[in-house]
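Written below as structure tokens is the structure these notes are about.
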Amino acid sequence: MDTPQASQSPTSPPPSRSKTDELKQLYWDRINPIIRYARRNPPLIFGVLLLGGLMLFVGIGYLVYDTEQYRVLSADPGDTRHPPSLQYPFGTDTAGRDLFAVAIRGTPLTLRIGLIAGFFAVSFGTVLAFIAAYYRGLVDGTVRVMADVGMTVPPLLILILIAINIEGGLSVDQMGLAVATVAWVWPARTIRAQVLIMREQSYVEISRLSGSSGMAIIFKEMMPNLIPYITASFVTSVAAGILASIGLEALGLGPFDSPTLGMTIFWNIQQSSIILGMWWWWLPPIVAIVIVFVGLFLISSGLDEWSNPRLRQRV
Amino acid sequence: MTPDGVRSESVVSRLKHATFTELLFVVFHSFLLRRFLFFLLVIWIAATVIFIIPRLSGQDPVKEKLLLEAQRGGAIQTGFEQMAEAYQKRLGLDQPILTQYKNYMFDLVRFDLGTSIAFYPRSVNSMIADSILWTIGLLGTVIVLGFLIGTLAGALLGWPRSPGYLQFLFMPLLTLSAVPQYLLGLILIYVLAFKFSWFPLFGAYNPGTLPSWDFAYIWDVIQHAILPALAFILGAIGFWAVGMRGMMINNQGEDFMIQAEAKGLKGARIFMRYAVRNAMLPQVTGLALSYGTLLSGAILIERIFMYPGIGDTLFQAIRLSDFFVIRGVVMTVILSVATATFLVDVLYPLLDPRINYGRR
Amino acid sequence: MSALLELQDVTKVFGGGFLDTRGVTVAVDRVTLTIEEDIPRIITIAGESGSGKTTLARLLLGSIEPTSGTMLYRGKDFSGLSRRERREFRREVQPIFQDPFESYNPFYKVDHVLHSPIKNFKLVSSRDERDRLVEEALLMVGLQPDETLGRFPHQLSGGQRQRIMVARALMLKPRVILADEPVSMVDASLRATILESIQDMKRELGISVLYITHDLTTAFQISDEILIMYRGNVVEYGDVTKVIPNPQHAYTRMLIDSIPQANPGKRWGKLLEATGTEMVGTGEETEQFGIRPQATRHYDEVEPDHFVMISENDAGSPGEEELVSAATDQGPSS
Amino acid sequence: MTLEVTNEASSTRPDLSNRDFALDIQDFKVYYDTPRGIVKAVDGVSLAIRQGERFALVGESGSGKSTLAMAVMRLTRPPGRIAGGNVLLHGTDLVSISEEEMRQTRLADIALVPQGAMNSLNPVMKISNQVIDGIIDHIPEDAPKPDADELENRVNELLVRVGLAPMVGQLYPHELSGGMKQRVAMAIAISLSPRVIIADEPTSALDVIVQRQIMQTLGQLQEGLDAAVLLVGHDMGLVAQFADTVGVMYAGKLVEIAPVETIFSNPLHAYPQLLIESIPTMDERKPLTGIPGLQPSLLNLPEGDVFAPRSPIPHTPEDAATVPKLVEVEPGHWVQLSRSSVADFNTYAHLVDY
């Protein structure tokens, strides 16, 4: 009986044990099983490693390289179009940008767009899903219709309409927010479905009959079990956000002054780098994008396995 | 909660004893009509959003674009006055917003998408009509091919009796599914068109050839279509294969799969009639759901290959700030997505007998 | 004698909403039921799937509202209860569900399900008091606190899980416990302990128990009263020692005849022909046992504390006597 | 460890060669390889069923009875595997034949009435086609293909035999009730007149009235075919109603086999004794009893009598650690003899050497 309750709710009276003991217990109860489980979930590990490697590249690059050379004409203003060399590891482009600096600067910018889009999309989607599933009826119907309509309308098109109406084009952060306005649909739909299933489960009923309030049921009973779903849908939303933003940028509607991966692709298309034979220009952003997408995909399917008990047992 | 008997009764005996009119009533009342109303709702909401977005920035989009064009001057100087006048008249830009909305909706119902600003006095309808056939021809083929090949590949990957070496295909397919298709297109252009010159670099046909229905022209068109098609199909194969593989693996645990084996059925029959047939169902739903995303990908592929389809039209319009063309293309795409999902939903009961007009 | 919980002519209809073509299901059809305050009883609601017994349980828990009829709690209409009264009701009427595993939130240790009602109903003022209350409740159902607390639900056996749910209910000192198929997912060898603690509730704690089950054998063993439900209707009710040995309604008889008795010497009689539900899809559905939603009916008292439903059929359907005699022919051969 | 027992056992079977049994399972083992070790779900089970006999295998959930049934059909899936023993079907060892031979044997010679009647039919195929495809896939290569009318007649006849109207063939599974689906499953099982039928909890999740109808229909079909039936279940009531012979499984092993009357009137092993005592009856009201303790985890089971910790019979740790043997104490009545679980051990002590 005197085992400390690691899973105690924050509102319950403070335990008599010390904080370190509590943390230790938390480790053994919650974190250790996760680590042990993760060992048996290669997609998750592999995905994290891929993204981690990319981040490591960016981090080291920032430390050891002069990333200011991403600007136009900053690298060797005289003669442009250097192929990769010791001086310019990824070469330079027709406008005299140092493409190594562009890659180091651009990758985190693109991830930033994705994270902003993912964060707002999932937050909004989750809140909407809970409101819909909690109030049912008309509210639920409205949310469902909105989400269904959103599923039908390709997000890229709405983004195009938003982008062409913003004067001076979109900044990186605006880009993330714009993408979030269309990306909430999927999380809202999937989380709503989960909440609807969960609210029919006996333990929710038991909690209700134990006198728990609606808020307590949502945050103490449902939320903890939804965390894997929410995390997975966050990861998916980040990927969708990046995909949409790159598409938008490729169409020439991105932040012109930022060296994001999508803008680098845009300049490639614009300047016909392929016909110029400048493979070093288009290859790095494509590789970076592939790493990001494959990494995110692996993480989300790893999380899927985690949240799906049927798959979990098979691991 | 509902006893089995009650459910069966409502489906079987009710439909069996219904008169033709009653049957029609049931069918329309419950499913088709509701689905069609939803189809209209989607179009209406999308059209309204398209109407609202430009106005959120606080300026009149058309006026702005007209001003911009006026500043640029040049090629379209002639007729600019009439154009400005025509817009004034057509849209009643000074009128209250509700009137504008009414006019806009009224035009939409008649499928009048307006006039191009950049290529005045060409109508948006005619510009879309010129380009859409290219898109339909290319897309129609690749969506179907990508779906079929990808689904089959996924089915084989998720089938426990498939040869083990097939599993090596999984990582490449997964990577393909994660890469945006137009980026694949870039790589394909570089390798197959630029390095090896096996295929033309861009366009839908050689600028030199005159469109006609002779063999040379058709061959030219096919040659130009192969690379963009390949870019699209490669990506789609990965996408569908990964999904299908998951369904197949999930299906393995179903009781009816175990029972099929207990019945001593031949492997090929279990594969096709039991495993694939059931795993296909979520794939088809997925096709309807991701049709819009596929179409967006196709737009970007056309952009990369300068393929004169609707995507290229859209890109040119974005470049020239040709607002009405952009809006027209967006509307056309939404209409096509809505129609496609509507058709899939309506035809889905043919694939899955559990879904019928009476329920849902 | 005052009634704690009372259903008066309660009907629950599902479906039938706007544009809903699924048709209407009358899950509970004019059921009247009283749970007394002073005399604890074990009342069985028996029926097969689709008979409406689980709907009845959810009505009594206040989880769903009746379509028509009234539910009274301590003589007051349930929908008119004040916040405080409703809270009191929540504590006094406690459930035990069928699947002991699903009753636990997989995220938490089993302690959670015991602690949260204590906190919500403010039963104790200190942590020590809470722990004592939990331990007492566990000991009462025959569990060792140190063997059960601090574990996750999947680390316990089905029987242990269900007994903790019983402990949870007892801890709140309820007046009524609604046990919805509490042993149907528990292995035979563990069934007895759970049923015993249900009997102890009545005997030692004076709690009334509504035992909802499809298993007439255990119902016969532990309950005082029984209600047999068929398609939303209570077709027969009364003292369990009168109803089971002397069933009057055709459905009750067929139900009792079909129980597989664990005695090789008492085998089923002749082959039971397919009944109405079986023949669905093969033609007209027969109106079995005179059950038709909202049909006119009344109850006959065939002996003291033993009532049977008589439905007034329209011409064409078999009358009650016919059905009863038809069922007599189908009695066991022994 | 029970290998010698089986040899001994088969030698004590009076004048019956293996061919006289429809199904002869010998020292059968099914193991699951899990990350935490090997789970011995079925550990050295031997039993034999004569033609026309109804054999019921009972036990609590997790006793290995369903695993055994599936493994006999060779439907065990990884991480499960058949770890040893033989399954003789009319003398042919199913464990050693090729996958294709096994496929042809299923349905034609040994058929399964599955547990999950609700989901065991393909949801997107008409009933008649699901009956037909089993028949078609068992037509020998050189035999003439039956025409559509012939097949339809055969399906109709099968449906009628299991108590369904022929038009059911034109329906989809979701249009049927649970009982009807189980009848369809039976129609499929008998479609090639197999001599052995395995029924794995065929009425779980069905209501009592439907359960009776299904079990009675199954009995009728068994009689019509003179088939051997292996019924797997946990409901002692159903077993009493249906079976001729009963085998009781506990933790992957058989603890007692006896004719149905004997098992209910004179069980020798403590587990079946307690199991039967714990069944509530409709005859009289009496205090309910259960079996104290829990079934052990099948992972890393200790040697010896696994029931000993729950056995009410006084015994020493040495008794519990002694590996028990399944012996025939009287004709047709086999008991896993151990001092810790059999009260009358001394009566039969001469049959074992410990």
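Lettering of chains follows the sequences in order, A, B, ..., and the numbering in each one begins at 1.
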Checklist entry - Any donor-acceptor pair under 3.5 Å linking the side chain of B:Lys263 with the backbone of D:Gln130? => result yes
Next on the checklist: Restricting to non-hydrogen atoms, name the atom on D:Pro123 and the atom on B:Pro353 that form the minimum distance, rounded to 0.1 Å.
Outcome noted: O-CG, 3.5 Å
Checklist entry - Which pairs pass ring pair (Phe, Tyr, Trp, His ring centres under 6.0 Å) with one or both residues in residues 249-280 of chain B, sequence neighbours excluded? => result B:Trp159-B:Phe271
Checklist outcome for this item: CD of B:Glu254 to CG of D:Asn122, rounded to nearest 0.5 Å, is 10.0 Å
Item to check | Partners meeting side-chain contact (heavy atoms from CB on, under 4.5 Å) with B:Leu41 (sequence neighbours left out) | outcome: A:Val145, B:Phe38, B:Trp44, B:Ile45
Checklist entry - Under the salt bridge (charged side-chain N to carboxylate O under 4.0 Å, His left out) criterion, do D:Asp133 and B:Arg273 qualify, and how do the steps go? => result CA-CA 10 Å; D:Asp133 62 10; B:Arg273 301 288 294 274; over 6 Å; no
Checklist entry - Can you tell me how far the CD1 atom of B:Ile258 sits from the OG1 atom of D:Thr76, to the nearest 0.5 Å? => result 10.5 Å
Item to check | Heavy-atom side-chain contact between D:Arg77 and B:Gln252 under 4.5 Å | outcome: yes
Item to check | Heavy-atom contacts under 4.5 Å, residues 96-108 of chain D to chain B | outcome: D:Arg103, D:Arg106, D:Leu107
Checklist entry - Between D:Asn119 and B:Asp255, is there a donor-acceptor pair closer than 3.5 Å when you use the side chain of the first and the backbone of the second? => result no
Checklist entry - Which bit of B:Leu351 comes within less than 4.5 Å of chain D, counting heavy atoms only: side chain, backbone, both or neither? => result backbone
Checklist entry - Side-chain contact, heavy-atom cut-off 4.5 Å: D:Val124 with B:Asn278? => result yes
Checklist entry - What residues of residues 232-244 of chain B sit under 4.5 Å from chain D when only non-hydrogen atoms are counted? => result none
Next on the checklist: Under a 4.5 Å cutoff for heavy-atom pairs, which residue among D:Met125, D:Met70, D:Met73 has the most contacts with chain B?
Outcome noted: D:Met125
Checklist entry - Looking at side-chain heavy atoms only, is the closest gap between D:Leu112 and B:Gln259 below 4.5 Å? => result yes
